[in-house]
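Chain letters run A, B, ... following the sequence lines, proteins first and then strands; every chain starts at 1.
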2 protein chains.
Amino acid sequence: MRRTIVLMATYHPDPEQLLVEDVLAALGNPVRLGIVRELDASPGARTCGSLPLEITKATATHHWRVLRESGITREHKAGRSKAVSLRREDLDARFPGLLDAVLRATPPPREP
Amino acid sequence: MRRTIVLMATYHPDPEQLLVEDVLAALGNPVRLGIVRELDASPGARTCGSLPLEITKATATHHWRVLRESGITREHKAGRSKAVSLRREDLDARFPGLLDAVLRATPPPREP
DNA sequence: ACGATCGTACGACGCATTTCGTACCGACAG
DNA sequence: CTGTCGGTACGAAATGCGTCGTACGATCGT
């Protein structure tokens, strides 16, 4: 019997399982890249609600899932809220220099 | 008569215009990542036909376009063929360390 | 117990991406 | 000139992705 409800338990991939194409695809989206930059700019974990997002809660949940399932972020409950943080060590161990290079990448110089 | 043909002149973005999210999205695809690895493994430019692709010509054209328009590769005609090469210097200048980190990223360790 | 807050599940919509078949064009070999 | 080879243009199909509304669940303050 199939329960229609699948109860997506929050899945975090193991460090060794991370696929570079998944990480790149996850980062290759302006909204998610913005989230990652925001997470990088703040020490420790952030609650989801503290991220300045221009999107609805449902959409945000989707992006958090993509980031989490690609191994970029980790989530854990914090009371009635949820905390998100970068998996820096895991990413650096698996893909040395990748996250740093992405975070160092600046937007294109504007022209007047 | 056919004037529906739009004659997509091969577009190469300027180095300063490159967007990191476009580059990441382009690399976040197994086929294209494979092409980039292949290009990196060979010195200088390769003709398109020399890349070992499991896909049809039409599909290959699509991926070459994505790589070119994101600024990852450069193309130029070489007789009846076409040569593709990595825009290493431009990428390194715009996004230092990014391409190297991606190319260093190994597939996950296999388990027996 | 009640309501407010924070996030998820599900279903839906529109748009983009990936893939291909087919027709075509340009360059070269004969 | 004709054929072949390398690649593109176009159109179509399938799939995936980003977005949202709505309904729900869990947690905390009162």
Expected list for residues 33-51 of chain A near DNA chain D, using heavy atoms below 4.0 Å, is none

Residue set satisfying side chain to side chain contact (heavy atoms under 4.5 Å, CB included) with A:Ser81, at least two apart, ordered chain then number -> A:Thr47

Mind checking whether B:Leu19 and B:Val36 sit in one hydrophobic cluster, side chains of I, L, V, M, F, W, Y counted as touching below 4.5 Å?
no

Can you list everything that forms a side-chain hydrogen bond (donor to acceptor under 3.5 Å, both in side chains) with A:Ser42? Sequence neighbours excluded, please.
A:Arg46

Round to the nearest Å and state the distance from A:Arg65 atom CZ to C:dA9 atom C1'.
9 Å

On a heavy-atom basis, which atom in B:Thr106 and which in A:Phe95 lie closest, and how many Å separate them?
O-CE2, 4.2 Å

Can you pull every protein N or O that's under 3.5 Å from an N or O on nucleotides 18-21 of chain D?
residue	atom	partner	partner atom	Å
D:dG18	OP1	A:Asn29	ND2	2.9
D:dG18	OP1	A:Arg32	NH2	3.2
D:dG18	OP2	A:Arg32	NH1	3.3
D:dG18	OP2	A:His62	NE2	3.3
D:dT19	OP2	A:His63	NE2	2.5
D:dC20	OP2	A:Thr56	N	3.3
D:dC20	OP2	A:Thr59	OG1	3.2

Quick one: list whatever passes side chain to side chain contact (heavy atoms under 4.5 Å, CB included) with A:Ser70, sequence neighbours left out.
A:Asp22, A:Ala26, A:Ile72

Quick one: is C:dG7 close enough that its OP1 or OP2 comes under 4.0 Å of any side-chain N or O from A:Thr61?
no

Sequence-distant partners of B:Glu21, salt bridge (charged side-chain N to carboxylate O under 4.0 Å, His left out), two or more places apart:
none

Please report the end-to-end axis angle for the helix from C:dA1-D:dT30 to C:dG30-D:dC1, five pairs per end, rounded to 10 degrees.
20°

With A:Arg74 via salt bridge (charged side-chain N to carboxylate O under 4.0 Å, His left out) - residues at least two apart:
A:Glu89

In whole angstroms, the gap separating P of C:dG7 from CG of A:Leu67 amounts to 15 Å

Sequence neighbours excluded, the answer for salt bridge (charged side-chain N to carboxylate O under 4.0 Å, His left out) partners of A:Asp100 is A:Arg88

Rounded to the nearest angstrom, tell me the gap between atom NZ in B:Lys57 and atom P in C:dC25.
14 Å

Has the side chain of B:His76 got a donor or acceptor atom that lies under 3.5 Å from a matching backbone atom of B:Ser85?
no

For B:His63, check side-chain hydrogen bond (donor to acceptor under 3.5 Å, both in side chains) against everything at least two apart and list the hits.
B:Arg32

Are B:Val84 and B:Val66 linked, directly or through other ILVMFWY residues, by side chains that come within less than 4.5 angstrom of each other?
no

Say whether, by atom type as modelled, one donor and one acceptor occur between the side chain of A:Asn29 and the main chain of A:Val31 under 3.5 angstrom.
yes

Which residues pass the side-chain hydrogen bond (donor to acceptor under 3.5 Å, both in side chains) test with A:Asp90, sequence neighbours left out?
A:Arg87

For residues 70-84 of chain A, which residues have at least one heavy atom under 4.0 Å from DNA chain D?
A:Lys77, A:Gly79, A:Arg80

